[in-house]
Amino acid sequence: MDQTPRCRCKIWFILCMFFICWYFMIHNAKWYTLSSPTATFSHDTISNPIEIIDSNIKTTEDENVNTKEIDWLHDVAQLRALEDELEPVLKKLKPRKIKKNETEMAMEITKPKTRSQKRGNESVIVNVTEPSCTGRYIYVHDLPSRFNDEILEDCRAFSKWQNMCPYIRNNGFGPSLGNSDRVFSRSGWYSTNQFMLELIFHNKMKHYECVTNDSSIASAIYVPYYAGLDVWRYLFDHNVSSRDALAIDLADWLREQPEWKKYDGKNHFLVAGRITWDFRREIDEDDAWGNKLMLLPEFRKMTILTIEKSPWHGNDFGIPYPTYFHPRSDNDIIEWQNKMRRNRRRNLFSFAGAPRPEMEDSIRDQIIDQCVASRKCRIIQCSYDNLKCYQPVDVMKLFQSSIFCLQPPGDSYTRRSTFDSILAGCIPVFFTPGSAYIQYLWHLPRQFNKYSVLINEDDVRHKNVSIETILSRIPPRKVSEMRNAVIDLIPTTVYADPKAKLRKFKDAFDVSINGVVDRIHNVTKNTASFDFDERFSWKYFLFGSVEKHDWDHYFSYSMNQKVKQVDVEANEARR
Ligand SMILES: *[C@@H]1O[C@H](CO)[C@@H](O)[C@H](O)[C@H]1NC(C)=O
Ligand SMILES: *[C@@H]1O[C@H](CO)[C@@H](O)[C@H](O)[C@H]1NC(C)=O
Ligand SMILES: *[C@@H]1O[C@H](CO)[C@@H](O)[C@H](O)[C@H]1NC(C)=O
Ligand SMILES: *[C@@H]1O[C@H](CO)[C@@H](O)[C@H](O)[C@H]1NC(C)=O
Ligand SMILES: *[C@@H]1O[C@H](CO)[C@@H](O)[C@H](O)[C@H]1NC(C)=O
Ligand SMILES: *[C@@H]1O[C@H](CO)[C@@H](O)[C@H](O)[C@H]1NC(C)=O
Ligand SMILES: *[C@@H]1O[C@H](CO)[C@@H](O)[C@H](O)[C@H]1NC(C)=O
């Protein structure tokens, strides 16, 4: 429109004048008592020049303001008058700003409730909102409190060695860490326990934008049962009935729900924040480990998300262990990534962990020997009396100053430490594909050598490979590419604050939801059959086939038995 340029000039003129006034006021002692609205006002206008250009607002009133002879520098009343004159202009600008970007608006209108209440001419909003939640609505079962809240009240019973109650605070993130040593960043750091995923996930779900109370439109049904926290209370009771009680109770409860019947439970999912072996007890003997949750027919139909999945079963899926970082915004993440890119890393490699003397096959002893013997390796040895390896500051400091971080299996394939090292921009070194590659299919890319190193555990066991030699032979350019790839994984492997509204990034929760919805779509809608031997599910999910593979020796089925024979009691104390 021909009016626009003129209008633009005027507004810019006013803005300039206004800025000059403001500048003089700030620097003139007489004016420092001036109240804040002025400052706020000038900030608004200056930071949104684009809105002003875009709008076709008639500014006839403003002309008067311009032409008046005003002593701008010395008259508060005039200044206020100007403010009042401009107020309607600003008010008009605001609605325009919202209409400008409908995508953005759709993201803001989050709750399905809002959506169903919109009518008539506001249908434009419905129209825009629809694509964002369609296909990812989640219905959350309203479980009796014995399946979740009452378990939390029993937090004293979780561990014999430590009071875990502080760790359920802050949505399951645990006590805030602050940043006194400047090892972390400004905000979002907590002393998070590795077994709190159920609580974290549930609290994230409470803020998920596509929760619906209408199960008929839901793509997946979430069962907010704290499976791992429940069984934790009874792990050492030598009594299978107490360990199984709630799982059996829940199976009975679920079967009675109308939501269950539609797909016979196949559209249900559950988060189990401990390793899969804690829920797969095959015999009903009091000395056997864990409960039998995952063997109950009801739970075999469901999709189960867990920090370590079984390579030999098809319905559990690995999702990241919680780390110490729970960003509140995109910027928190970017700031942290930049810090990790700039870090000086003095150690070629490092290790934080304990030996496993009671595990015959463990390579931890060799790992520790090699690290201690190398001048390029630093170690934090965990033991009953060295609590240092439980101190987030020490572990993060070590990983942030290392190029590679060794992640040998411990009691089981996976370690929380893997995600701490990714968070610290330290390239993980694995000794079996079971530690990550077959686990976190939704969160980690398939090009494993772009972000990690795999050293065959058998080679380490026979003491004929030097970890230092292998790592120091990787060219610096390749190392730097790998580190960048690791740092790029940070967003999708952290659980952001439930109140965070990430726009640029998807966090571990978002990625998990996509995976669950995709998987449940497959098992409820696709007639495509999964008629492969479930014991090969690790390679079926990874490579889409069950043919012979180089990695077969890592997953011989007999290892299934080995994993279970672990001397669990000792491990629990010092994971
Ligand atoms: C609207 O905002 C979204 C997200 O911020 C952005 O991806 C998109 O390009 C914007 N669209 C327009 C028309 O500005
Ligand atoms: C929708 O807007 C039109 C004009 O823009 C108006 O005539 C009509 O009454 C409105 N309908 C509703 C339901 O508000
Ligand atoms: C909005 O709805 C109209 C009809 O109701 C349809 O033609 C149009 O494609 C929809 N737009 C989007 C973005 O879904
Ligand atoms: C969902 O909640 C709304 C408002 O709370 C209620 O009006 C509606 O009947 C509920 N729908 C179902 C299917 O429960
Ligand atoms: C095992 O637990 C069940 C239920 O919690 C209890 O009834 C039973 O007495 C316990 N058995 C023993 C031997 O303690
Ligand atoms: C290490 O030794 C074992 C047994 O002696 C052998 O099978 C293996 O190939 C050797 N590995 C390397 C890398 O030399
Ligand atoms: C769902 O099926 C599609 C197509 O067969 C496949 O690509 C995808 O990986 C499957 N997703 C899951 C989670 O099984």
Side-chain angles (χ1 to χ4, degrees), residues 141-168 172 193-202 222-257 260 265 268-302 304-308 310 313 315-316 358 384 411-412 560-561 563-575:
H141 264 308
D142 186 16
L143 296 187
S145 63
R146 65 180 180 279
F147 295 113
N148 41 46
D149 292 345
E150 280 174 33
I151 296 175
L152 294 185
E153 285 162 21
D154 206 9
C155 57
R156 283 268 172 191
F158 290 164
S159 170
K160 283 182 183 155
W161 295 275
Q162 203 184 348
N163 173 15
M164 301 308 295
C165 296
Y167 293 98
I168 67 178
N193 179 267
Q194 61 177 345
F195 295 132
M196 290 298 155
L197 188 55
E198 292 145 10
L199 188 51
I200 293 170
F201 206 94
H202 191 194
Y222 172 50
V223 182
Y225 162 51
Y226 301 159
L229 298 179
D230 170 24
V231 75
W232 199 354
R233 302 180 289 179
Y234 308 115
L235 280 175
F236 304 101
D237 282 2
H238 298 282
N239 181 345
V240 284
S241 17
S242 56
R243 267 177 265 152
D244 292 342
L246 267 188
I248 293 169
D249 186 357
L250 178 59
D252 294 341
W253 188 90
L254 284 172
R255 260 197 330 267
E256 296 308 313
Q257 304 308 308
W260 183 266
H268 283 50
F269 76 99
L270 174 82
V271 177
R274 296 182 67 92
I275 61 172
T276 194
W277 309 113
D278 293 344
F279 309 100
R280 291 187 180 276
R281 194 197 65 236
E282 282 175 352
I283 44 173
D284 282 348
E285 277 174 19
D286 286 341
D287 286 338
W289 181 251
N291 70 9
K292 59 178 179 188
L293 173 94
M294 292 195 188
L295 303 181
L296 296 174
E298 288 75 13
F299 294 95
R300 291 178 67 99
K301 288 172 187 150
M302 295 168 53
I304 298 179
L305 310 185
T306 177
I307 51 180
E308 173 171 334
S310 159
H313 294 89
N315 73 324
D316 52 355
E358 73 286 350
Y384 292 104
D411 313 323
S412 65
N560 190 358
Q561 307 309 318
V563 171
K564 286 176 197 161
Q565 281 163 13
V566 164
D567 178 3
V568 279
E569 190 140 355
N571 301 332
E572 177 71 17
R574 224 233 327 221
R575 218 166 242 287

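Numbering starts at 1 and runs along the sequence shown. For ligands, and for the atoms within them, numbers begin at 1 and follow the listed sequence. No experiment lies behind these values; they were computed from the predicted model shown. Below, each value reflects all heavy atoms present in this structure, side chains not excepted, and no hydrogens, waters or symmetry copies.
At the top of the distance list for atom 5 (O) of ligand 5, counting protein heavy atoms only, stands Ser242 CB, 3.5 Å. Here the protein heavy atom with the shortest distance to atom 10 (C) of ligand 5 is Asn239 ND2, 2.4 Å.
Contact between Ser241 and ligand 5 is present, with at least one heavy atom of the residue lying under 4.0 Å from the ligand.
Ring geometry, Trp232 versus Phe158: the interplanar angle falls under 30°, so the pair is classed parallel (tilted spans 30 to 60°).
Between Phe279 and Trp289, the gap from one ring centroid to the other reaches at least 6.0 Å. Taking the six-membered ring for Trp, His202 and Tyr226 have ring centres closer than 6.0 Å.
Under the 4.0 Å distance rule, the nearest protein heavy atom to atom 7 (O) of ligand 5 falls outside the cut-off. Within a 4.0 Å radius of atom 2 (O) of ligand 5, the protein contributes at least one heavy atom.
In terms of modelled atom types and a separation under 3.5 Å, the side chain of Asp244 and the main chain of Lys292 share a donor-acceptor contact.
Of the candidates Leu305, Leu229, Leu270, Asn148, Glu198 forms a side chain to side chain contact (heavy atoms under 4.5 Å, CB included) with just one, namely Leu229.
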